[in-house]
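Structure first, commentary second.
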Amino acid sequence: QKEVEQNSGPLSVPEGAIASLNCTYSDRVSQSFFWYRQYSGKSPELIMSIYSNGDKEDGRFTAQLNKASQYVSLLIRDSQPSDSATYLCAGGKSGGSNYKLTFGKGTLLTVNP
Amino acid sequence: GAVVSQHPSWVICKSGTSVKIECRSLDFQATTMFWYRQFPKQSLMLMATSNEGSKATYEQGVEKDKFLINHASLTLSTLTVTSAHPEDSSFYICSAPPGPHGYTFGSGTRLTVV
């Protein structure tokens, strides 16, 4: 199993709908998880981070982590066309300055007006 | 806070030449910098980790002699692609380790080798 796996999509939702993005991970990638948004030709920008089981909400975004199932997801409520981008799931191990992130391949999301 | 400035944003070079990419931490000191490469429609792949004052740590499969990494000071890390070839054309991104706002990425460098 790859360390971090995502459905590559593409995922298309209408404006105002809920977009659901999913990610699974292996045991080697643990403890901390991040969702990044990347527009074409740009660097990733952090959307959410989550470290504990359960839900974490920030505005229209909710990250969910289930360590037993090795599953992390991102829900985007009231999707907007500006949310159209590639969403990258990343996992990392804690501790020290050598804290590497492992990225999934990303899911391309298109929000249709 | 926690801004990483990366230059150049894009560069076109001839095959066989070398290209240097710089990443500077503007408002903090970075003893470590991560260098990633991203091919079109692919994810970010970690190439190496630069460490101020010591040798960089390269990921498996990354050629040390081709991708020279130097971390000369607490605010500057550089990646030099030596003897570039068209297959080296990619998007290169640096990142500082996590701080209060998580990882900070540079703006990326689009390298095209012709």
Side-chain angles (χ1 to χ4, degrees), chain A residues 2-11 21 23-26 28-29 31-51 56 58 61 63 72 74 85-110, chain B residues 2-7 9-10 21 23 25 28-60 71 74 77 90-112:
Chain A
K2 293 183 180 178
E3 293 189 356
V4 178
E5 292 200 55
Q6 287 181 258
N7 290 329
S8 59
L11 174 65
L21 304 160
C23 178
T24 57
Y25 61 92
S26 71
R28 289 178 294 167
V29 176
Q31 300 168 355
S32 302
F33 300 91
F34 306 85
W35 282 100
Y36 285 86
R37 177 174 63 196
Q38 186 177 26
Y39 293 112
S40 181
K42 302 294 185 182
S43 270
E45 54 179 319
L46 182 66
I47 300 296
M48 293 282 285
S49 60
I50 187 165
Y51 307 96
K56 179 181 178 182
D58 183 1
F61 300 95
V72 59
L74 179 70
T86 296
Y87 288 79
L88 300 167
C89 171
K93 293 183 179 181
S94 63
S97 61
N98 204 21
Y99 188 160
K100 300 178 184 179
L101 281 180
T102 302
F103 286 86
K105 286 190 174 182
T107 299
L108 177 62
L109 171 67
T110 301
Chain B
V3 176
V4 173
S5 175
Q6 184 172 348
H7 294 282
S9 297
W10 59 270
I21 302 170
C23 272
S25 54
F28 67 102
Q29 293 182 332
T31 57
T32 299
M33 196 74 78
F34 300 112
W35 287 94
Y36 294 88
R37 177 169 56 183
Q38 186 178 35
F39 292 108
K41 299 187 185 299
Q42 299 293 317
S43 191
L44 278 73
M45 297 298 296
L46 181 65
M47 298 175 64
T49 304
S50 71
N51 302 292
E52 190 269 335
S54 63
K55 291 183 179 180
T57 303
Y58 289 82
E59 296 300 305
Q60 191 173 8
H71 200 129
L74 290 172
S77 177
S90 187
F91 192 49
Y92 292 86
I93 311 172
C94 61
S95 170
H101 301 289
Y103 288 81
T104 300
F105 284 88
S107 55
T109 298
R110 173 75 58 194
L111 170 64
T112 302

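A, B, ... follow the sequence lines: proteins, then strands. Residue 1 opens every chain.
Of all non-hydrogen atoms in B/F91 and A/G41, the two that sit nearest each other are CZ-O, 3.7 Å. A pairwise comparison of heavy atoms in B/G108 and A/S43 identifies N-OG, 3.5 Å as the closest pair.
Scored by the ring-ring contact (aromatic ring centres under 6.0 Å, His included) test, A/F103 finds A/Y36, B/Y36 as partners (sequence neighbours excluded). The side chain to side chain contact (heavy atoms under 4.5 Å, CB included) test applied to A/K42 returns A/Y39, not counting sequence neighbours.
When heavy atoms are compared at a cutoff of 4.5 Å, B/L46 approaches chain A solely by way of its side chain, counted from C-beta outward. Contacts of A/Q38 with chain B are made by side-chain atoms alone, with heavy-atom separations under 4.5 Å and no backbone atom involved. Looking at B/Q38, only its side chain comes within 4.5 Å of chain A, counting heavy atoms on both sides.
A distance-only check finds no donor-acceptor pair linking the side chain of B/S43 to the backbone of A/G106 [under 3.5 Å].
Between A/P44 and B/I93 there is a side-chain heavy-atom pair separated by less than 4.5 Å.
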